[in-house]
Asker: 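Next up is a structure, given as structure tokens.
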Amino acid sequence: MSNGTESAVRLLILLAIGTMAGAAAFTHVHDLSVAHGQPDWIGWANAVAVELMAIYLGLEIRARRRAGRPVGLVGSLLVAIALLSLAAQVAEAEASVWGWIVAAVPSLAFLALVKVVLSNAPIIAPADEPDQPTAYQYEEPADVEPLRPAEPTPSIAPAVVPPRAVVPSNRPHVVGIIQ
């Protein structure tokens, strides 16, 4: 089987399982909503919201992984939505262990498919930005010769300035200064 044929078969299987799992989950969410007092149209709205939200969150995780962005919050929301769908399926099931297991198959199949598909998404690290000096860095231009220390010069001693003398004045409270 060629690589293209294998990819097409995998896609068909993915679509078939996804469609069936989605339809079953969709029906369970709708029926549970109606059984607990919601009008029929709200039952459909709940089912659409839950199932499309799961699909959207899966796509969002894949896009974030490609971009190298974190997926924690989106992944948590996907698990929460899948658990909500699973709870609706189990609640609609026959009250037995086998009834619950059989009812859980669509959600579990959906979660397994999401895991497989998302594990194939390449994780790409964020692109490094080109090295650019920041405000506190200085880069010497390539065509300018770097500064070198100047030749030492002989030190010149400062001129000696005699201290100023304080001479008492005729007035006792005023101090005079001779320059």
Side-chain angles (χ1 to χ4, degrees), residues 1-139 142:
M1 188 181 299
S2 72
N3 199 18
T5 305
E6 183 179 325
S7 293
V9 169
R10 288 174 56 184
L11 179 62
L12 287 174
I13 292 170
L14 176 71
L15 290 173
I17 292 173
T19 301
M20 292 294 105
F26 188 89
T27 302
H28 284 128
V29 171
H30 168 267
D31 294 349
L32 186 64
S33 294
V34 172
H36 287 279
Q38 296 300 312
D40 192 53
W41 74 270
I42 292 180
W44 292 117
N46 287 343
V48 168
V50 168
E51 299 312 314
L52 287 183
M53 185 65 144
I55 293 168
Y56 176 81
L57 291 171
L59 293 171
E60 180 66 19
I61 289 172
R62 190 169 171 92
R64 285 176 181 234
R65 282 202 174 161
R66 279 191 205 120
R69 295 175 43 214
V71 297
L73 173 64
V74 179
S76 298
L77 290 173
L78 177 61
V79 169
I81 289 292
L83 288 175
L84 181 63
S85 179
L86 178 63
Q89 292 176 38
V90 170
E92 285 290 297
E94 175 186 302
S96 70
V97 174
W98 281 114
W100 296 326
I101 290 172
V102 170
V105 167
S107 283
L108 296 176
F110 175 77
L111 286 175
L113 283 175
V114 167
K115 178 64 178 162
V116 168
V117 169
L118 294 180
S119 67
N120 289 330
I123 298 174
I124 300 171
D128 291 334
E129 292 185 19
D131 291 335
Q132 295 179 359
T134 58
Y136 57 86
Q137 291 178 326
Y138 174 76
E139 285 189 21

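FYI, the numbering just counts along the sequence from 1.
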Asker: Over all heavy atoms of both residues, which pair between Leu78 and Ala54 is shortest? Give the atoms and the distance, please.
Answerer: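 Smallest heavy-atom distance, with atoms named: CD1-O, 3.4 Å.
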
Asker: Measuring from atom CD1 of Ile55 to atom CD1 of Ile81, what distance do you get when rounded to the nearest 0.5 angstrom?
Answerer: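 Separation between the atoms: 12.0 Å.
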
Asker: Are Val9 and Leu12 close enough that some pair of their side-chain heavy atoms sits under 4.5 Å apart?
Answerer: no

Asker: Would you say Asp40 has more than 12 foreign heavy atoms packed within less than 6.0 Å of its CG?
Answerer: yes

Asker: Suppose we screen for side-chain contact (heavy atoms from CB on, under 4.5 Å). Which residues come up paired with Val74, at least two apart in sequence or across chains?
Answerer: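 Applying side-chain contact (heavy atoms from CB on, under 4.5 Å) to Val74 gives Leu57, Glu60, Ile61, Arg64.
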
Asker: Output the distance between atom CG (Leu84) and atom CE (Met53), rounded to the nearest 0.5 Å.
Answerer: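 Taking CG in Leu84 and CE in Met53, the distance rounds to 11.0 Å.
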
Asker: Test of understanding: with side-chain contact (heavy atoms from CB on, under 4.5 Å), list the residues that count as partners of Ser96, not counting sequence neighbours.
Answerer: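 For Ser96, the residues satisfying side-chain contact (heavy atoms from CB on, under 4.5 Å) (neighbours in sequence not counted) are Glu94, Trp98.
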
Asker: Would you please name every residue forming a side chain to side chain donor-acceptor pair (under 3.5 Å) with Thr19, sequence neighbours left out?
Answerer: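 Partners of Thr19 under the side chain to side chain donor-acceptor pair (under 3.5 Å) test: none.
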
Asker: Kindly write out the residues that satisfy side-chain contact (heavy atoms from CB on, under 4.5 Å) with Leu11, not counting sequence neighbours, or none if the list is empty.
Answerer: Leu14, Leu15

Asker: Can you list every side-chain hydrogen bond (donor to acceptor under 3.5 Å, both in side chains) pair that touches residues 79-89, not counting sequence neighbours?
Answerer: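 Passing the test, one end in residues 79-89: Glu51-Ser85, Ser85-Gln89, Ser85-Ser107, Gln89-Ser107.
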
Asker: Indicate the atoms forming the closest heavy-atom contact of Leu86 with Ala104, along with that distance.
Answerer: CD1-CB, 3.4 Å

Asker: Ignoring hydrogens, what is the shortest heavy-atom contact between Pro39 and Val34? Give both atom names and the distance.
Answerer: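 Of all heavy-atom pairs spanning Pro39 and Val34, the closest is O-CG2, 4.3 Å.
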
Asker: Sequence neighbours excluded, which residues qualify as ring-ring contact (aromatic ring centres under 6.0 Å, His included) partners of Trp44?
Answerer: Phe26, His30

